Amino acid sequence: MQTTPTEQTLVIDHLRFERNNITLLDQIHSTVNAGELLQVRGANGCGKSTLLRLLAGYLEPHDGAIFWQNKSITEQRECYQQNIHYVGHRNGIKSTLTVAENLKLQCALSNIRFEPTNAQAVLKKMGLQHITDKHAAHLSAGQLRRLALARLALTPNKIWILDEPTTALDTEGQTVLNELLTQHLTHGGIAIVATHQDLDKSHPTKMLHLGAANA
Amino acid sequence: MQTTPTEQTLVIDHLRFERNNITLLDQIHSTVNAGELLQVRGANGCGKSTLLRLLAGYLEPHDGAIFWQNKSITEQRECYQQNIHYVGHRNGIKSTLTVAENLKLQCALSNIRFEPTNAQAVLKKMGLQHITDKHAAHLSAGQLRRLALARLALTPNKIWILDEPTTALDTEGQTVLNELLTQHLTHGGIAIVATHQDLDKSHPTKMLHLGAANA
Amino acid sequence: MLKSLLTITHQEIVMTLRQAYSWITPLLFFVIVVCLFPLALGPDENTLNKVAPGIIWVGALLAIVMSIGNIFRSDAEEGHLDLLLLSAHPLTLLVLCKLISHWITHCLPLIVISPLLGILLHLNIHEESVLVISLLLGTPVFVLLGAIGSALVVGIRSHGLLLPILIMPLYIPVLIFGTGSMIAASANLPLASDFAMMGALVLISLAFAPLLTSAALRIGANQ
Amino acid sequence: MLKSLLTITHQEIVMTLRQAYSWITPLLFFVIVVCLFPLALGPDENTLNKVAPGIIWVGALLAIVMSIGNIFRSDAEEGHLDLLLLSAHPLTLLVLCKLISHWITHCLPLIVISPLLGILLHLNIHEESVLVISLLLGTPVFVLLGAIGSALVVGIRSHGLLLPILIMPLYIPVLIFGTGSMIAASANLPLASDFAMMGALVLISLAFAPLLTSAALRIGANQ
Amino acid sequence: MNRKQKRKLIAVMCLLVALSIAAGLILYALKQNINLFYTPTELLQATTTPKQTIRLGGYVKKGSIHYDASGTHVHFTVTDRTHDIDVSFDGVLPNLFREGQAVVTTGNLTAEKQFEAHEVLAKHDEKYMPRSLAKDLQKPIVR
Amino acid sequence: MLHWFNQHFISLKAFYATSSALLPWLITAFSLCFAYGLIAGLFFAPADYQQGDGFRIIYVHVPSAFTAMAIYAVMAVSGILTLVFRMKIAAICMSVSASIGAWFTFLALVTGAIWGKPMWGTWWIWDARLTSVLILLFLYFGFIALQSVIPDQQSRDRAGAIMAIVGVINLPIIHYSVIWWNTLHQGPTLSKLAAPSIAPDMLHPLLAMIAAFLFFYAVILLLRMRNQIVLREIKTQWVKEVMSHAS
Ligand code: HEM
Ligand SMILES: Nc1ncnc2c1ncn2[C@@H]1O[C@H](COP(=O)(O)OP(=O)(O)OP(=O)(O)O)[C@@H](O)[C@H]1O
Ligand SMILES: Nc1ncnc2c1ncn2[C@@H]1O[C@H](COP(=O)(O)OP(=O)(O)OP(=O)(O)O)[C@@H](O)[C@H]1O
Ligand SMILES: [Mg+2]
Ligand SMILES: [Mg+2]
C-alpha cells in the first residue's frame, strides 16, 4: 500500500479472482481517496466488469481484500453496500413502472423521502422531463441509461461504481454524466468507472490498466 | 428523390412511423447507393433504432416506403431480408452454444457451407481465437459484441444495418469494425449505422440527422 | 423505515395490478386446470366428487408454483436485483414485502374464486368453508417456500421447470393436510388437528423462508 | 438447403441436451405431478385406478404446456429471433426444425417414461400400449399448437401464465380423445375412432401451425 | 417455373395431401361414433367388468317401468330397439322421465343385461309443440 | 363496388359517419324484435307438450348461444381481413367484439345450466356440446388476455387476429357436436336443413328473439367501435371536429 488509508479511502489490496479455475484478475492493487476517480481500462474481456462487481461486494475475491474505512468489505458487506451506487451493463429499471415511479421506488429503497420537486429537477437535468409518466418499457436505450444515471443524482451515496456508463448516451448525455461526476468528486465522493472512451480530463483521475484476458 | 435509383440503391421515401399515436419519424428521406455508408445520428430517443428496424423490415412504416431494387420492401419482405445483416442492441448470440457453434449456426441460417478454416480466420480477425470453444454465456460484453460482428465477416450480405455497433468495444475492436466496413463498402456493399461516436472519416459517408424526440 | 417499506409493498402491488395478466392469468390457469380433470377423468360423477378436493388443491398448487417462479425473474433480468442488494433496508425485509404483495395479488384471488369451482364439483356448504380456510392457511406456505426456490434459480437463465421440481416436493405436506382436512370435512370428522398442523407450517416457514430467500439471492448475484 | 436445416435441427438438439435441465425438468415435473395425485386423493386404490389415464394425460399436458413456453423465449431475449427472420430459409421451415427438435427432446422422454408411471397406477399391458400410442399421437399436437401460442406472446416480457391459458383450451379435444381411447381400452371397446381423430388433429395442426407460428413471430418482431 | 414457384407448389401440395388425409380420418372416426354414452348394442359387444363405471343411453321401453313398494326404487328397460338392458335405480328421477323418453344413465353392468344405475338423466329431443298438437298427432314420441 | 365499400365502411372516418346513420335503425329494429319476442314468447306461445312452461327459457338460451357463436365467427372473419388486407376497421371490430361475445357465452352457459337442472336432472355434464361451449368461453378469455398484454397497436391487432382464426375450429365442433356425438344436449331444432321441428307459434317469437339479440350485438358493437375509432384517430382533424361539435 502506497498511501496510508484514511477513513474515506477505498483500498484494493492484491486482489485475485478466478472463474472456473482460470485466474481472471491477479495482484490488483490500488487505493482511491475521497474526491478521486478510478478509471479502469483494458481490452475486451480483461475483467473490468468482474472487478467492478467485486468492488460492489457482489462477488468475493479468492485472495486479497478490499478495505473500506479500514475494514475488509466482506466483513461488513451489508453496511458497506449501503454506500454504493452501481450502474452495470443492465440498468436496473423496472419496465412496468413509469419513469417517475422508478425514481420513487429508488428513494424507498434508499430509505429517503421522495420529494416530487427534487425528482422533477433530477429528471430535468437528465433530459427526461418530457417523459416523466412514460412506462420504462417504452424507453429507448439511451433514455434507459439516463434514467439509470438519474439515481446517482437522486440519492447521495459515497461510492459510485459505473460500468461503461456512456453506453448508448449521446454527446449531451455524456456531458451531463461528466457534470454529475465533477459534482460528486468535489463533494468528496469516490467514483470507479470502467470505460473504453475517455472521460473528462478535469477529474482527479487515477488509472488502472488491466492486462489482456487470460481466459 | 435526388438521384435516380439504380438496382442496388436503397431509397427511403418520405417515411412516417408512429407508436401509440405519437409520430416518431416523419418525412424521412434519403438514398443510399452501393458503396455508401449512411450514418444516422440524433439525440437519445429520437428514433434511430426505430428507423433501423424499419429499414431491416421488422417494422412497417405508417406512410411512405423503402425501395430496394426499385420495389417496396413490404412487397418483397422475405426476399429483401435475405440481403441483410442486422446487429441491434441485443447481439443475437445463443448463450448455450460455444463461440464456434454460434458461427456454424449462422452459416446454416444463411444456407452457406461452414468452413472451419474460414471460421477460424474470422475469429482471429475479431480477436476471439483464444475462446473458440468457450460458451457464449461466459463471454464479456465486448466479446459478445465482437462475436456478433463476426457474422458480418462470415457471410456476405449486401446491406449491413448496425445499431451502435461500437458499444462495449475497446479501441482495437473499433479498428477492426472500421476495417470490416471499409472492405464491405469497397466491394459495393451498403451500410447503415446509428452511432453517437464518430466513425472512420475515410468511408464515403452520408449523414442523416434525426430531430429531437417527439415522444 | 416503515413508510419506505410500505411504499415498496405498494409499488409492488401497483406493478402487478398494472400488468393485469400477471395476476389474472394464474387465476384463469387455476380454473382451466380444474376444468381439465372432469374432461380427462371420463363420465363417472361419483369418482369426480371423490377427487374434487384433490383436484382443487393440486390446481391451486400448480397455479402458485407457476406464478411464484416469476417473482424475482424480471428483477434479475432488468438488473434491479443488484439494486435491492444495495438498499438501505435489510434484504430480508424487502423480500418479505415482495412476498406479502405477491400473496395478496396472486393467492387471494384464487381463494376467492375457489368456492365457485367447488360448486361445479358439487361440494356442500361445509366443505366449501373448509376449502377456503384450508387454502387461507396453505397458500402462504406455498408462497414462502416457493420464494426460496425462486431465489435459488435466479441466476440461471431459462431455468424452465427447474423451480417446480425443486419446490413441489416441499409442498407435499401442505397438500396432504389441506386435502386431508377436506376429506375429513366431507366425512364430518374433526378438523382441528389438520388446521393446527397447517398453522404450524405457516409459522415455521414465515420464520425461516425470508432469511433463506435473501441468502439465496445474494448467492445468485455472485454469478 | 436440407443440409443446413439438418444442421439447425441438430444444433437445437445439442443446445437442449447441453442444458440438461431444460429437458430433464419437464420429465421430472411430469413424474411429480402424477405422483401428487395419489397423495392428494387419499389412499383409495379403486378411485386411483379409475383416474389413472386422466392423471397421466393431464400431467403430460401440463409438462408440455410449461416447457413449450420457452421455445422462443431465449431466442427473443438474446435477439436471435431477429436473425431467424433474416435467414435464407423460409421462417416456416426454421420453425418446423425447432418444433421437431423440441418434440424429440421434450416429448419423447415423457412418452418413454409413461409406461413406468402406468405400472405405478396399475395399468395392464393393453392399456399401457394404448397409452403410449395415444401419447405418440397427442403430443405432437400439443407442441404444434403450443408453438403458435408461444410465438404470439414472444414480444411480451414476463408473460407468466398467459401462454397456458391461451392454448390449454385448444388442447382439450386432444385430451378428450386421448383419455377417451384409454377409457375405451380399459372397457375393451374399439379404439380406432379415437386414434383416427387424433391422427387427423396431428395432420391438421401440422399443416397450419408452422405457418401461423411464423406469422406470429413476425408480428412479435414488430414491437 | 422458377425455384421459388416450385417450392411454393410443393408446399401447397403437401398441405393439400395432409388435409385430405385428415378429412378422411375424421370421416372414418365419425362413422365409428364417439360417445358420451354407449347404446345397449355397443355395451353388449364390449367386455366390461362390474367395477367399471359406464354411461348407458337409449329409450325407456314402453311398459317397462316398475316401482318398488318403497317407491324410491325403480326398474326399467333401456332399449335401442335392437337390444335391451334392464336398469335398476335408487334415487330421484328427473321430471321428463317417462316411457319412450330418451335417457342417459350412469352406473355399472352387474350381470348380463343387468345395469345398476346411480344416476339417471333425461334426454330431451329436438321437438317442441303444444300439448293439443301432440295429442292430435297421436303418434309415438319416440323416433 | 369496392370503392363504395371503402367510402361507407372501410375507412374509419367513413365508418364513423355511416354508423351514426345506422344506429337509430338498429336500435329500432332491436326494440321491435325484442318487444314482440318477449311478449309473444312469454304470454302467447303455448306450453310445451313435455316441458310445460319451463321451455320458455328457450327464448333466452338459444338466442344467446347463437349470438355467442355468431360473434366469434365475426371475429374470425375480421381476423382474416386484418391479417390479409390490413383493414383497421376489421381489427377494431374484432377487438371490441370479444368481451361482448364472452358475455353472451356466459349467458348461454348460465341459462343452459338453469334449464338443465329441471329437464335433465343436472346443472352440468361434461358432454361434447357443453364442453365445447365452455372452451368457447375460455377462447374469448384468452383472446382478451392476449390483447390486453400487447402494448403496440398494430401487433395487438395482428396477434389477436391469429388467435381468433385458430380458435374458429371450435365453432363447427360446437354446432355439430350434437350430431357427431351422442350428447345429453338435444339435437338441432332450427339450424338444420329440414323444416324446424318446433310448432310455428313457438317458432316465431324464437326467431324474433334471435334477431333481437343479433341487433343488440350490432348496436353495442357499433357504439364501442365508434369509441375505439375516436381513440385511435384522436389526433386527426376530423375527430377534433366531431369532438368540438359534440361539446
Ligand atoms: C349449460 C348447458 C347448455 C349449453 C352450454 C348449451 C349450449 C347451446 C348452444 C351453443 C346452442 C347453439 C347451437 C347452434 O346454434 O348450433 C344451443 C342450442 C339449443 N339448446 Fe342448449 N345448451 C345447454 C343446455 C340446454 C338445455 C338444458 C336445453 C333444453 C333441454 C337446451 C336446448 C337447446 C335448444 C332447443 C337449442 C336450439 C337448437 C338448434 O336449433 O340448433 N340447451 N345450446
Ligand atoms: N414500444 C414502444 N412504445 C412506445 N414508445 C416507444 C417504444 N419503443 C420506443 N419508443 C419511443 O420511441 C422513441 C425512439 O426510440 P428509439 O429506440 O428508436 O430511439 P433511439 O434513437 O434509438 O435512441 P437511443 O439513442 O437512446 O438508442 C423513444 O422516445 C422511445 O421512448
Ligand atoms: N460466468 C463466467 N464464467 C466463466 N467465465 C466468465 C464468466 N463471466 C465472465 N467470464 C470471463 O471473464 C472475463 C472477464 O469478463 P468481464 O465481463 O469482467 O470483462 P470486461 O473487462 O468487462 O470486458 P468488456 O470490455 O467486454 O465488458 C472474460 O474473458 C469472460 O469470458
Ligand atoms: Mg464489461
Ligand atoms: Mg437506439
Side-chain angles (χ1 to χ4, degrees), chain A residues 19-20 22 24 40-53 88-91 99 126-135 137-147 149 163-164 166-177 194-198 209-210 212-215, chain B residues 19-20 22 24 40-53 88-91 99 126-135 137-147 149 163-164 166-177 194-198 209-210 212-215:
Chain A
R19 278 223 191 256
N20 304 340
I22 296 170
L24 262 182
V40 184
R41 303 205 69 159
N44 285 140
C46 66
K48 299 182 295 301
S49 302
T50 312
L51 178 62
L52 262 50
R53 284 188 80 80
H89 286 301
R90 287 169 307 180
N91 293 311
V99 170
M126 301 309 298
L128 298 172
Q129 71 282 5
H130 60 297
I131 47 171
T132 318
D133 292 320
K134 193 159 184 170
H135 279 253
H138 298 165
L139 298 188
S140 77
Q143 289 168 335
L144 274 176
R145 183 51 50 152
R146 281 162 181 248
L147 182 52
L149 294 175
D163 199 353
E164 301 189 33
T166 56
T167 300
L169 286 185
D170 56 13
T171 15
E172 186 209 306
Q174 295 182 14
T175 318
V176 176
L177 174 67
T195 166
H196 297 298
Q197 273 169 276
D198 282 320
H209 280 275
L210 298 184
N214 322 40
Chain B
R19 280 225 190 253
N20 302 340
I22 295 170
L24 263 181
V40 184
R41 303 206 68 159
N44 284 141
C46 66
K48 298 182 294 304
S49 303
T50 311
L51 178 61
L52 261 50
R53 284 187 80 80
H89 285 302
R90 288 168 307 180
N91 292 309
V99 170
M126 302 309 299
L128 298 172
Q129 72 283 6
H130 60 298
I131 47 171
T132 318
D133 292 321
K134 193 159 185 170
H135 278 253
H138 297 164
L139 298 188
S140 77
Q143 289 168 336
L144 275 176
R145 181 52 47 154
R146 282 161 180 248
L147 182 51
L149 294 175
D163 199 355
E164 302 191 32
T166 55
T167 300
L169 285 186
D170 55 14
T171 16
E172 187 208 306
Q174 295 181 17
T175 318
V176 176
L177 173 65
T195 166
H196 297 298
Q197 273 170 277
D198 283 320
H209 280 275
L210 298 184
N214 322 36

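Note that this is a predicted model, so its numbers are computed, not measured. Order of the sequence lines fixes the chain letters, A, B, ..., with proteins taken first and strands second; residue numbering starts at 1 for each chain.
When the candidates A:Asn20, A:Asp170, A:Leu169 are compared by the number of heavy-atom contacts under 4.5 Å with chain B, A:Asp170 comes out ahead. For the set A:Glu172, A:Arg146, A:Glu164, the entry with the most heavy-atom pairs within less than 4.5 Å of chain B is A:Arg146. The candidate from B:Ala141, B:Gly142, B:Gly173 with the greatest count of non-hydrogen atom pairs under 4.5 Å with chain A is B:Gly142.
To the nearest 0.5 Å, atoms OG1 (B:Thr167) and NE2 (A:His89) are separated by 11.0 Å. Atom NE2 of A:His138 sits about 8.0 Å away from atom CZ of B:Arg19, to the nearest 0.5 Å.
Within the 4.5 angstrom heavy-atom criterion, no atom of B:Leu139 approaches chain A.
A search for side-chain contact (heavy atoms from CB on, under 4.5 Å) contacts involving B:Gln197 returns A:Gln197, B:Thr166, B:Gln174, B:Thr195, not counting sequence neighbours. The side-chain hydrogen bond (donor to acceptor under 3.5 Å, both in side chains) test applied to A:Arg145 returns A:Asn91, not counting sequence neighbours.
No donor-acceptor distance shorter than 3.5 angstrom exists from the side chain of A:Asn44 to the backbone of B:Ser140, with no hydrogens or angles considered.
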